[in-house]
Amino acid sequence: MKKLMMITITLILTNLNLQSQFSNDDSWSKQSVTLFGDYSLFLGDYGATYDAGLGIGAIYDYRPEKSYSFSGLLEYQSWSDVRNGNKAYPNRNFIDNIKLGAIAKGYFDAPQGFDAYFGLGISYNLIEYVLDTPAEGLNNSFQRFKTSDNSLGIDGVVGVRTGIYDNIKADIMARLGWLGIENSTFIVGFSVGITYELDFISEEY
């Protein structure tokens, strides 16, 4: 999985160095949909140390003006071997999260052919904890406990898009987030996605 992610990132970064061959102007869309995969890590004692998590999601962007947009986010995230803050959960542990969010983005000047942005989002998170604890008197056996929680989250994002073909773009986004679970958790991550512009406006320079 990690090798596949690295290959995908290499291909996207290679594309970022190329001027789109399909247009010599900058274009933008009032409405677009992005499908993405992401990779994330909890940060330090304020969050947890654990195996990095993968996720998938979709973003719908409504961009009434070229300089800003409003977005809806649906995302699924999964992490394993969680240690929250200084409190170590026993043995094998997992967190699954369904994130429902909204993001406000601002767009800033970038080289022609690129679309750069930053943003701030808030989310409602549906979290499920899976805790495996050793079964007494049985070797290599575990008892599984599941609990659930709901929490608010905040995400700061920065990203860039570039054309691949007509109104299809590659999107790379970095994220620093806060998740309001026990002890609070800070998360850093990045995503790679494909954006389909439902309608685009071409502006020649």
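- Of all heavy-atom pairs between R63 and S29, the closest is CB-O, 3.4 Å.
- At a threshold of 4.5 Å between side-chain heavy atoms, the hydrophobic network of Ile, Leu, Val, Met, Phe, Trp and Tyr places V188 and F186 in one connected group.
- You'll find the side chain of D38 stays beyond 4.5 Å of the side chain of I56, heavy atoms only.
- Scanning for side chain to side chain contact (heavy atoms under 4.5 Å, CB included) contacts around D96 gives Y76, S78, E128, with sequence neighbours left out.
- The distance from the OG atom of S71 to the OH atom of Y60 is 9.5 Å, given to the nearest 0.5 Å.
- A donor-acceptor pair under 3.5 Å is absent between the side-chain atoms of D171 and the main chain of G193, judged by distance alone.
- In summary, R175 and E75 engage in a salt bridge, as defined by a charged side-chain N under 4.0 Å from a carboxylate O.
- In the model, Q77 has a side-chain atom that pairs as donor or acceptor with a side-chain atom of N97 under 3.5 Å.
- Here the CD1-CG distance, from I122 to L100, works out to 12.5 Å after rounding to the nearest 0.5 Å.
- Taking all atoms of both residues into account, the shortest heavy-atom contact from I127 to S151 is CD1-OG, 3.5 Å.
- Under the rule for a side chain to side chain contact (heavy atoms under 4.5 Å, CB included), the partners of S123 that lie at least two apart in sequence or sit in another chain are K99, N125, D155.
- Judged as a ring-ring contact (aromatic ring centres under 6.0 Å, His included), and not counting sequence neighbours, F36 has no contacts.
- We find the CD1-OG1 distance between I164 and T195 to be 8.5 Å, quoted to the nearest 0.5 Å.
- The shortest heavy-atom contact between W178 and L152 is CZ3-O, 3.7 Å.
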How far apart are the C-alpha atoms of I98 and L74, what are their side-chain angles, what is the distance that settles it, and do they pass the side chain to side chain contact (heavy atoms under 4.5 Å, CB included) test?
CA-CA 7 Å; I98 297 176; L74 174 62; 4.3 Å; yes
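- Note: I59 CD1 to K105 NZ = 4.5 Å, rounded to the nearest 0.5 Å.
- Atom CG of L198 is separated from atom CD of Q31 by 5.5 Å, given to the nearest 0.5 angstrom.
- With hydrophobic clusters built from ILVMFWY side chains whose heavy atoms lie under 4.5 angstrom apart, L73 does not share a cluster with F190.
- Atom CZ in F114 sits 14.0 Å away from atom CG in D109 (nearest 0.5 Å).
- A donor-acceptor pair under 3.5 Å is absent between the side-chain atoms of D115 and the main chain of R161, judged by distance alone.
- Minimum interatomic distance between I172 and Y117 (heavy atoms only, all atoms of both residues): O-OH, 4.1 Å.
- Taking a 6.0 Å sphere around CZ of F118, one finds it holds 12 or fewer heavy atoms contributed by other residues, nucleotides or ligands.
- S69 approaches Y107 most closely through the heavy-atom pair OG-OH, 3.0 Å.
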